[in-house]
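Order of the sequence lines sets the chain letters (A, B, ...), proteins ahead of strands, with each chain counted from 1.
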Amino acid sequence: MYDVAVIGAGIIGTFITRELSKFDLKTIMIDKETDIANGTTKANSAIVHAGYDAKPNTLKGKLNAKGNAMYGDICEELDVHFKRIGSFVIATNEEEMESVKALYERGCKNNIPDMKILSQEEVREMEPNLNEDIIGALYAPTAGIVSPWELAVALAENAADNGAKIQLETEVISIDKNEDGYVIHTNNGEIKAKYIFNCAGVYADKINEMVGSKTFTIHPRRGQYNILDKSVGEIVNHVIFQAPTKLGKGVLVAPTVHGNLLIGPDAEDIDDKENTATTSERIEFIREKSRKTTNKVPFNTTITSFAGLRAVPSTGDFIIEESKEAKGFINVAGIESPGLSAAPAIAEYAVDILKGIIGELKEKEGFNPRRRPVIRFMELSDEEKAEIIKKDPRYGRIICRCENITEGEIVDAIHRNAGGRTVDGIKRRVRPGMGRCQGGFCGPRVMEILARELKMDIKDVVKDSKASYILTEETKQNNQKVVEENIEADKVS
Amino acid sequence: MKYDIVVIGGGPAGLAAAIEAKKNGVDNILVIERDRELGGILQQCIHNGFGLHVFKEELTGPEYAEKFITELKNMGIEYKLDTMVLEIGENKVISAINTVDGFMSIKAGAVILAMGCRERTRGAINIPGTRPAGVFTAGTAQRFVNMEGYMVGKRVVILGSGDIGLIMARRMTLEGAKVLAVAELMPFSGGLTRNIVQCLEDYDIPLFLSHTLVEIKGKDRVEGVVIAKVDENRKPIKGTEKHYDCDTLLLSVGLIPENELSKNAGIKLDSITSGPIVNESMETSIEGVFACGNVVHVHDLVDFVTAESKRAGKNAARYIKKEIKSEGKTAKTKPGDGIRYIVPHMVRPENVEDTLDLFMRVDNVYKDMEMVVKVDGKEIKRMKKKHLAPGEMESVKIKKEDLVFGEDAIITVHLEKEGA
C-alpha cells in the first residue's frame, strides 16, 4: 500500500514526486510511456516565462512568477541546464507597442522584477539581428530557458534517490475507490494508494472521470517547431516573442540551453491526443511568421522539426484541487503554458493541498536535495578532460561526433536511478543523436551500449515506445554464422 | 606530441594522403581515425566497382581500403584508432582524445583534413509526419546490414536516388526485403547511371523522378509513406499522392562535407561545396593546413578521392620541406554557365608541376555540349561532351604552359551547346 500514487511522469508529476519525497511518505510515480517526460514535457518551447503574461487573479498568474523565482536553486541542486537570459516582446507598430505596454502594466501587478520598455536603439544594441522595423520591446530579464526533459529526468532521479518508486510502462485502466483509498488497475498489475495526484497531461480528464463525473475536459492543442543547428544558435541572445495582436500570439525565436536555435510554435486545435505529426503547411507558417522577428534565420540549417501538444483545460485556468467527488484524489490538470515556468510552484501548491487533507507531513530525515552531478565532457577544461579519462577511459571514447558525447556519459545515463533504456531516452539525457547528423553515426553505437549495459539482445533495443523496434532480424550471412556455430557446437557435444 | 604531418581521418582520403606524404620524404606522420578501423565508409561498401581507375580492376570497398591500409602499415606510418579530434587550435596544435592516451595535445607541422562527409537527414529536408522508428539514412542502414549483420526492415521505400540509396535498394533486395519504390525530387537521378541500371532496373525497382515524400505514417514504427509528384518549383502536386504500406524509409538525399573542425579552426569554406576553399596544392585558407576527399567536395568515385588526396599528401610534404612557393601570381577559378562549382578555387602556376586538374559538377543534365576552358579570357581548351549529369563529376586537365596570366586573372569553365 502506497501513501501516494502520482499518475503521469511529466514535468508536473516529477516535480510533485520530488516534493513528496521530502516527507515520510511511501510514494510511487507511474507512467504509461517507456520514459520520463515522454508526453507534453518533451516537446514545448522550453521557456521559463517571467510571468507578466498571466492574469493576476488566476492560478497561472499566482504560480508563474513564483515558479520562475524557484528555478535557479532547483536547477543548481539537480545539475540541470538553466539560463536566465531574459525575454523580449517586440513591437513593429504603435498598436503592438500598446499591447507591449499593457503587458508591462500586467507584469507590474504580478510583481515581475526589473522589467523595462526598451527603445528602438536599445533593442538594436541588445539584439542586432532583429529586423530594423522593430520600434520597441518589453524586456523581462528574469525569463529563462531550460531543458524540460532533462529537468524532469533529474527530478525523477532525485525523487528515486530519496525513496520514491518509479514505474514506467504502466497504463491506468481503471481506478476503484474503497475505504483505505484507491486501487489503480493497470496493464502492469494493481497499485494501492491512499492518495492520488492526477498529473496525466492531455489524459487528465480521462483519469479524473475514473473516480467521478466529467468535471472538466482537456483538449490537445498542437504546436510545431523547427530546431536549427548550433552554428546559428547565436542569432538571438534572448527569448524573442512577438507582441500579441488580434491575429494571434505570433511565434518565438529563442536560443536553447544547448546552443541551438528554436522557432515556433503555431497553435492548432486537434482531436487526437496522440497526434504529434508535423505538416509542411504549418512548418512553412512558423517560418514565415518568424521573419517578422528576424529575417536572418537560415532555414537550410534546420536539423529537425517536431510537434508538441498543450493540455488545454475547459476551465481556462490550471486545475489544481482535490476532486469534489473523490476524497484524496488531487487533480493537477490543464497545465498548459506557463506550466513549465510555474511547475516548481505548482508542486508546492499541490502538496500543500495534500497537507491540508492529511494534516502536517513529517519531513524525511536525510532528504538529499542534490543529485550526483552529471559529467558533461565537452564542458570540462582540457586538464579536467585529461583527468577524467585517466580515471575512467570510457570518457575518452566519443560516441556522438556532432555533440561530442562520450561513452562514459552514456553508460552513466543508463545506470542512474531513472536511467535511460531506449535510444531516445539516452538522446534526451545526454544528447547523442540531437546533433546535425541526427544519430546517423552514433545510433548503432548507442544501441550497442544499451544492449551491453542492460544485458539485452540488440534487436530488442527500441527507439522510444515499446513497439518502436529498430532492427528486424539478422542478415542471411549472420544467420548462416549462427547455424554453422550451432553445428560446430553439436559436433563437440 | 609532435609530428611533421597529422592527417585527420583514416578513410581513403587520409590513407592516400599519408602514404603519398611519406613517399615524398616526410617520415614523421600520424593518422588519426575516429572509428574502430581504418578505411572509413569503404568498410561498409561491400559491393564492387571500386578501383577501376586506380587499379584497373573491380574491387569491393573493403578490398580497395585494404590495399591502402596494408601499404600504410608496411611503410610504418603511425595511426591512432578510436581517436577523436576535438579541436584544431592555434599554430596547428590539435586536441584529441582516446581511451589509451587520454587527452592529447599534438603539435603538427602540417595538417591534412580528411574527415569525409555525413548524410543529410530527415530534419534537414523537413519531411512532415510522425517520428517513428524505421527512418534511416541509407548509410546508417548500410552499416547495420553490412557491418553489424542486422536487417533494418522488410518493406522499404527509398527517398532520393543518391548512389548509397541505389546500392542499398539492391542490398536490401538481396537480403530478402521488398523495395517498393525510389522517389527522386529532381527530374534526374543524383546517382551514377551504372547504379540506376545495376541496382534498380535489374531488380524491377521503380524510380519515380520529380517525386517527393509528403508524409510519414505510424506512431511506433513506420507504417506507410505517401509520395507525390512535384511541379517545376519542386512543390508537391495535389491529387498525385501514392500510398505505400512499408515499415522502413531510407533516405539518400545528399552528403555534406564534415567541416565542423575546419570551421572552428577559422578555415574559409565554399558555400556551394560546403568544403574548404583550396588552392592547386589542396591547401586551405590557413597556411600548412591541407584538405582532400569528401571533406572538400563530395566525390562519386573513390578513385578521384585517391588522386586528389595524393596531391594533398605530396604538397603537405613539399610544405614541410619548404618547397611550396607562396609568391607569384594567383588566378581564381570561376564556374561559368552550366557549372556549379570548381575545385580548386585558386591556382598558383609556380606550384603546378606538369598539369593541373580541375574538378567540377554541372548543374543539370545536358546532352551534346562543349566544355570550354578559358584562362584570363583566352580559350585554351574545348571538349565535346555527349552526356553530362550532376551525379557524375567532370574533370579537366590543363597544361602548365597554358597557365599564363596577368594580375587578378580568372580561370573559367562553361558549357556551350555543341556547334553553337
Side-chain angles (χ1 to χ4, degrees), chain A residues 226-227 231 274-283 299-306 378 382-383 385-387 389-390 393-398 401-402 404 406-407 423 436-441 443-444 448 458-459 462-478 481, chain B residues 34-35 82-84 86 95 97-105 115 118-119 121-134 136-137 139-140 143-154 174-177 214-221 235-236 247-248 251 256 258 260 263:
Chain A
N226 265 182
I227 285 269
S231 58
E274 295 289 321
N275 186 352
T276 52
T278 55
T279 61
S280 14
E281 296 76 22
R282 289 285 168 163
I283 293 294
F299 283 104
N300 59 357
T301 60
T302 303
I303 59 175
T304 194
S305 310
F306 66 91
M378 282 312 284
D382 291 354
E383 293 73 29
K385 281 178 184 143
E387 201 51 42
I389 300 172
K390 245 181 243 162
R394 291 176 296 188
Y395 285 92
R397 181 177 290 130
I398 295 278
R401 300 171 182 180
C402 303
N404 283 339
T406 61
E407 182 173 7
V423 173
R436 49 183 76 91
C437 95
Q438 290 283 294
F441 289 121
E448 208 174 270
I458 195 166
K459 292 201 293 298
V462 292
K463 176 176 183 279
D464 197 2
S465 65
K466 244 181 147 172
S468 62
Y469 65 91
I470 298 166
L471 304 174
T472 55
E473 61 195 329
E474 289 181 25
T475 53
K476 289 174 181 171
Q477 191 192 3
N478 232 22
K481 239 190 283 170
Chain B
R34 59 190 164 192
D35 219 323
D82 226 344
T83 304
M84 182 80 179
L86 301 177
S95 316
I97 58 165
N98 67 24
T99 56
V100 182
D101 307 277
F103 185 92
M104 291 168 274
S105 233
M115 292 90 76
R118 69 185 136 85
E119 297 176 279
T121 64
R122 170 184 181 178
I125 56 169
N126 249 308
I127 302 173
T130 51
R131 305 204 298 162
F136 301 89
T137 59
T140 305
R143 182 171 183 112
F144 271 126
V145 176
N146 292 349
M147 291 186 80
E148 321 278 336
Y150 293 97
M151 275 296 274
V152 297
K154 291 178 174 151
L174 292 174
E175 278 292 340
V214 292
E215 198 183 351
I216 296 176
K217 291 180 173 178
K219 182 169 163 49
D220 301 306
R221 174 80 187 196
K235 296 277 178 228
D247 59 15
T248 304
L251 302 175
I256 307 162
E258 268 212 279
E260 279 62 45
K263 237 184 272 177

### Query
Is there a side-chain contact between B/T140 and A/P444, using heavy atoms and a 4.5 Å cut-off?
yes
### Expected output: side-chain A/N226 to main-chain A/T302 donor-acceptor under 3.5 Å
no
## Note on the structure
If you tally heavy-atom pairs under 4.5 Å between each of B/G129, B/G102, B/A124 and chain A, the highest tally belongs to B/G129
## Note on the structure
Of the listed A/R401, A/R397, A/K466, the one with the largest count of heavy-atom pairs under 4.5 Å with chain B is A/R401
### Task
Return yes if some donor-acceptor pair links the side-chain N/O of B/T130 with the main-chain N/O of B/G218 below 3.5 Å, else return no.
yes
### Task
Check whether any side-chain N or O of A/S468 sits under 3.5 Å from a backbone N or O of A/V462 as a donor-acceptor pair, and report yes or no.
no
### Query
Highest number of heavy-atom pairs under 4.5 Å with chain A: which of B/N146, B/V145, B/V100?
B/V145
### Message
Is B/L174 close to chain A through its backbone or its side chain, or both, or neither, when contacts mean heavy atoms under 4.5 Å?
### Response
backbone
### Query
Which answer fits A/D382, side chain, backbone, both or neither, if we ask what part of it has an atom under 4.5 Å from a heavy atom of chain B?
both
### Query
Is the shortest heavy-atom distance from the side chain of B/F144 to the side chain of A/T475 under 4.5 Å?
no
### Task
Go through the steps to decide whether B/M151 and A/K476 satisfy the test side-chain contact (heavy atoms from CB on, under 4.5 Å), and finish with yes or no.
CA-CA 9 Å; B/M151 275 296 274; A/K476 289 174 181 171; over 6 Å; no
### Largest heavy-atom contact set with chain A, pairs under 4.5 Å, which of B/R118, B/E215, B/M104, B/K219
B/R118
## Note on the structure
The interface call for A/L471 against chain B, heavy-atom contacts under 4.5 Å, is both
#### Entry: Modelled atom types, side-chain donor and acceptor of B/T137 and B/E119, under 3.5 Å
yes
### Query
Based on non-hydrogen pairs under 4.5 Å, which of A/T304, A/I283, A/T278 is most in contact with chain B?
A/T278
### Query
Heavy-atom distance under 4.5 Å to chain A: side chain of B/E260, backbone, both or neither?
side chain
### Query
At a heavy-atom separation under 4.5 Å, does A/I227 approach chain B through its side chain, its backbone, both, or neither?
neither
### Task
Examine whether an atom of A/F299 lies under 4.5 Å from a heavy atom of chain B, and if so say whether it belongs to the side chain, the backbone or both; otherwise answer neither.
neither
### Query
Hey, does the side chain of B/R131 reach the backbone of A/A277 with a donor-acceptor pair shorter than 3.5 angstrom?
no
### Task
Determine the option with the most heavy-atom pairs under 4.5 angstrom with chain A, choosing from B/I216, B/D101, B/I256, B/L86.
B/L86
### Message
Using only atom types and a distance under 3.5 Å, with no angle test, would you say the side chain of B/R34 pairs donor to acceptor with the backbone of A/I398?
### Response
no
### Query
When heavy-atom pairs shorter than 4.5 Å are enumerated against chain B, which of A/K463, A/E448, A/R436, A/E274 gives the highest number?
A/R436
### Query
What option among A/N404, A/V423, A/T301 has the most heavy-atom pairs under 4.5 Å with chain B?
A/N404
### More than 12 heavy atoms of other groups within 6.0 Å of B/K263 NZ
yes
### Query
Do you know which of B/D82, B/T99, B/V152, B/V214 has the most heavy-atom pairs under 4.5 Å to chain A?
B/T99
